[in-house]
Amino acid sequence: MELPVASDGIQLSAYRPSIPLSAAGGKATPGGYDESGYHQCYGDVGSVASCGSDAHTGYETLDSPPHYDFYANTEVWGRRRRFRPSLYQLHANPEIRCMLNIWGVILYLRLPWITAQAGIGLTWVIILVSSCITGITGLSTSAIATNGKVKGGGTYFLISRSLGPELGGSIGLIFAFANAVAVAMHTVGFAETVADLMRENGAVMVDRTNDIRIIGIITVTCLLGISMAGMAWESKVLFFLVIMVSFASYIVGTIMPASPQKQAKGFFSYKADIFTTNFVPNWRGKEGSFFGMFSIFFPSATGILAGANISGDLKNPTVAIPRGTLMAIFLTTISYIIITATIGSCVVRDASGLLNDTSSPNSSREDCVGLACHYGWDFSECINNNTCTYGMSNYYQMMSMVSAFGPLITAGIFGATLSSALACLVSAPKVFQCLCKDKLYPFIGFFGKGYGKNDEPLRSYLLAYIIAVCFILIAELNTIAPIISNFFLCSYALINFSCFHASITNSPGWRPSFRFYSKWLSLLGAVCCVVIMFLLTWWAALIAFGVVFLLLGYTLYKKPDVNWGSSVQASSYNIALNQCVSLNHVEEHVKNYRPQCLVLTGPPSSRPALVDLVSCFTKSLSLMMCANVTHTSPKQNKYTYIHISNCYVKSFYRGVVATELRSGVNVLLQGAGLGRIKPNVLLMGFKKDWHTDTAEAAHSYIGILHDAFDLQYGVCMLRMREGLDVSRPSQSHGETKVKLLFNHFELKLPEILKVDVIKKIFLCLLKLFAATVSLEVEPQPSTVFQKKQGKKTIDVYWLSDDGGLTLLLPYLLTRRKRWARCKVRVFVGGQTDKKEEKREE
């Protein structure tokens, strides 16, 4: 490898990091040794960057030493420190949070009814299928969450930072809406229990439906006050203990002998024939199908993302999130299976609840209908008339009836429903606030404003409250649950797809600490979620995906100014790289020839005519690269790309540093491009000042043409009557206005403003103001190539057979709308008497 020599003239010192003298904390000592700078650079072990050896080489080559506290083991060896966890540490435990979010209203009020409909066998299938989906999603969530810190926003943050704003924004909106609807579902379950208790005690306000609405609205209003006050976490541990006690009361109740009152309602303790009868399905009503029961049960399996939402509060999230999420899924699945098996072994499907419906010894067994006939009860009348009010198929509060102490089940229902509703009411505004702050969609920024030291989204709380109240007015749990199922399945499908997509791109940035996941298992989970969505409620699935694609189209159209390092970007790079490599194995053919242009524009804004002309026949067709040769550092900043994009020009930009124009262009001619995607045509402006410029400049210009021909480039030159260069002189228009403005003020301002220091400060401020105004207000210069040409003629003088480029470029111009009405006229040199012969050729 050759080393650059000083004679090359390339000023690389501009790229070196420089440390100002003030950074050393004092002035240099006379001997050149700065003791304070030494202590500043090396004495502080917590500093991020050291002074290095910049004084000798211009580069920082020394790293700062590591901080001792990051590596020291401060505990005494051989002794284990014991401590008692605090309430906050219990709250930050992912297992408890996930289980509280999973256990909810469906567990207490609908699981016995689902068991009666689907039977014990199919109910186990529903539970296991739901657990498989949530388990796969839990593995994907663990992988994504351990790839980096998960901030506020939960699922939205996971998907958006992995898949990008296109899909992340749409699913964030859907997930926030699903959580708001889940508040209504849990609140309606709570209101159902309260309304049933009131009816049993003879307290009815209006009727059952309106009572549920009134109680639900009052409850969600109280929950709103609790969540806005910031006391949501303090009741988590209490809710968990109440639920555990209610489970214990239920298990004890199934073992206890059945009293006559419970037998009249269908409870006969553990019986083998009851288990056998209830093992097979018995579909009833409009929801009576496998997928109908699945859509009602599935919301009880959601809530697995609670651990990822608090990753910032965990001491070791890479271990706690996977362990907590998967353990919560396992324990809740076991609890659902146990409750299904126990309730299906103890309770018959139909019972009247009347103590007088006992079968007499003289009555015939043949006239008695139902399994209760074997235990001395005759519920034939209500079974034949479909008027039974008790039994698993008719009574939603069956777990409370079976329990050893019914009020404990009621307390468990209150704890499960209120904790889940409270969690959803807190998470929905947080997700929506994160979405609002990203500014992906218009008209929603109003709800993203935070208040207080915790940045609480009070406006988003009110929006979630309004949505919840609207769905509470439905007052029917079996109607609300399927709506939520589709939204959560859509979220889980995209989480699994995010994990698969991030894994398949093989990006170096994808390195999760959690290794027990499979990209193909994540893909299977995503496909299963989509299939189940359409099997449950096809019209709701179409609405969900319609919203996703609508928001996706809007985001692709607007192209928000965000860069999250998503897997979509990594995939785009992989696809582009693979396609570039595959092109190397394809032989060139004249039919596939495309003019790939290297345009010597300098800064693209200084020669817009060149840019506009070339873009006319390369836009969406072939490569265009704007080139700039400078003697100092090339300014490849974002403003160059902004100018190109504002002009709707699809082009690359490349700047090089060289001592002279010809050497710089030679570097571009040989090094520009990648594989087959490299320029083959050089476009440059005509040297208008050749008669006034130096001989060396003219020789350099001619040499560029020779170099291009030697490197097998086609060469095009553009000459215009008014010239090409529209760049400002060294003193810009804004600076001229500033000086005139300052001279005008100098005549009128007091003498104190004429002091040199104040005068310079004032002049700098005016320059800054004028530069800002001119940057925003000054329009881009228009060229003749941006206008419609009408019925004009493009004259082509084909003096020799140059391979057809002279004829190809005018044809490509006529394919654009603004040149479509133009007519191409070709002039060919030759002898007049041989005109017909040449035309035939």
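The backbone N or O of G344 sits less than 3.5 Å from a side-chain atom of N278, completing a donor-acceptor pair. Looking at S400, its side chain never comes within 3.5 Å of a backbone N or O of Q397 through a donor-acceptor pair. Looking at S249, its side chain does come within 3.5 Å of a backbone N or O of F405 through a donor-acceptor pair. Distance alone, capped at 3.5 Å, places no donor-acceptor pair between the S393 side chain and the D350 backbone. A donor-acceptor contact shorter than 3.5 Å is absent between the side chain of S420 and the backbone of T417. Side chain of R349 to backbone of M392: no donor-acceptor contact under 3.5 angstrom is found. A side-chain donor-acceptor contact under 3.5 Å links T193 to the backbone of G189. A donor-acceptor pair under 3.5 Å is absent between the side-chain atoms of T325 and the main chain of P322, judged by distance alone. When atom types are taken as modelled, the side chain of S403 and the backbone of M399 share no donor-acceptor pair closer than 3.5 angstrom. Side-chain atoms of S131 do not come within 3.5 Å of backbone N or O of L128 as any donor-acceptor pair.
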Going through the distances and angles, do M533 and C490 end up as a side chain to side chain contact (heavy atoms under 4.5 Å, CB included)? CA-CA 8 Å; M533 282 180 65; C490 187; 3.9 Å; yes
Evaluation steps, ring pair (Phe, Tyr, Trp, His ring centres under 6.0 Å), between Y108 and W103: CA-CA 9 Å; Y108 289 98; W103 285 326; 8.8 Å; no
In sequence, state the C-alpha distance, the side-chain angles, and the governing distance for L489 and L536, and then conclude on side chain to side chain contact (heavy atoms under 4.5 Å, CB included). CA-CA 10 Å; L489 282 169; L536 295 183; 3.6 Å; yes
Decide side chain to side chain contact (heavy atoms under 4.5 Å, CB included) for L542 and F534; before the verdict, give the C-alpha distance in whole Å, the side-chain angles of both, and the deciding distance to 0.1 Å. CA-CA 8 Å; L542 289 178; F534 283 94; 3.6 Å; yes
Show, in sequence, the C-alpha distance, side-chain angles and deciding distance for W377 and L355, and conclude whether the side chain to side chain contact (heavy atoms under 4.5 Å, CB included) test is met. CA-CA 9 Å; W377 294 84; L355 294 174; 4.3 Å; yes
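Here the side chains of M205 and I215 are in contact, with some heavy-atom distance below 4.5 Å. With a 4.5 Å cut-off on side-chain heavy atoms, V105 and M185 count as touching. For the pair V531/C528, no side-chain contact is recorded, criterion being any heavy-atom separation below 4.5 Å from C-beta on. Within the 4.5 Å cutoff, the side chain of V194 has heavy atoms near those of the M198 side chain. You'll find the side chain of W113 stays beyond 4.5 Å of the side chain of N394, heavy atoms only. Using a 4.5 Å heavy-atom cutoff, the side chains of L473 and I217 are in contact. Looking at F488 and F175, their side chains come closer than 4.5 Å, going by heavy atoms from C-beta outward. Contact annotation: the side chain of H186 never approaches that of L418 to less than 4.5 Å [non-hydrogen atoms, C-beta and beyond].
Shown here for G253 and F267, the closest heavy-atom pair between the two residues is O-CZ, 3.5 Å. Heavy-atom minimum distance, A195 versus I212: CB-CG1, 4.1 Å. The two residues A493 and V530 make their nearest non-hydrogen contact at CB-CG2, 4.1 Å. Smallest separation of non-hydrogen atoms from N496 and C529: ND2-SG, 4.3 Å. Minimum interatomic distance between A404 and V252 (heavy atoms only, all atoms of both residues): CB-CG1, 4.0 Å. Taking every heavy atom of both residues into account, N486 and A540 meet most closely at ND2-CB, 3.6 Å.
Other residues, nucleotides and ligands contribute at most 12 non-hydrogen atoms within 6.0 Å of the CZ atom of R199. The number of heavy-atom neighbours closer than 6.0 Å to CZ of F330, taken from other residues, nucleotides and ligands shown, is 12 or below.
Annotation: the span from I338 atom CD1 to Y250 atom OH amounts to 10.0 Å, rounded to 0.5 Å. Atom CD1 of I214 sits about 11.0 Å away from atom OG1 of T209, to the nearest 0.5 Å. Here the CD1 atom belonging to I274 is positioned 15.5 Å from the CZ atom belonging to F279, to the nearest 0.5 angstrom. Rounding to the nearest 0.5 Å gives a distance of 5.5 Å between OG1 of T134 and CD1 of I304. One finds the CD1 atom of I339 at 8.0 Å from the OH atom of Y336 (value rounded to the nearest 0.5 Å). If you take CG on L111 and CD1 on I343, they are separated by 8.5 Å, rounding to the nearest 0.5 Å.
Using a 4.0 Å cut-off between charged side-chain N and carboxylate O, R208 and D196 make a salt bridge. Look at R213 and D207 and you find no salt bridge, because none of the NZ, NE, NH1 or NH2 atoms lies under 4.0 Å from a carboxylate O.
The aromatic rings of F514 and Y517 lie parallel to each other, with less than 30° between the two planes, well short of the 60° mark. Aromatic ring pairs are classed by plane angle as parallel below 30°, tilted from 30° to 60° and perpendicular above 60°; the pair F500 and W520 is tilted.
Aromatic rings from F177 and F487 are positioned such that their centres are separated by under 6.0 Å.
Under 3.5 Å, the side chains of T342 and T254 contain no donor-acceptor pair of N or O atoms. If you check the side chains of R110 and N478, you find a donor sitting under 3.5 Å from an acceptor. At a cut-off of 3.5 Å, with distance as the only test, no side-chain donor of W283 or Q117 sits close to an acceptor on the other residue.
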Atom pairs and distances, side-chain donor-acceptor, residues 382-391, under 3.5 Å, sequence neighbours left out:
from: N384; atom 1: ND2; to: S380; atom 2: O; distance (Å): 3.0
from: N385; atom 1: ND2; to: E381; atom 2: O; distance (Å): 3.1
from: T389; atom 1: OG1; to: S352; atom 2: O; distance (Å): 3.4

In residues 292-302, what donor-acceptor pairs under 3.5 Å come from side-chain atoms, sequence neighbours left out?
from: S295; atom 1: OG; to: F291; atom 2: O; distance (Å): 3.3
from: S295; atom 1: OG; to: G292; atom 2: O; distance (Å): 2.7
from: S300; atom 1: OG; to: F297; atom 2: O; distance (Å): 2.5
from: T302; atom 1: OG1; to: P299; atom 2: O; distance (Å): 2.6

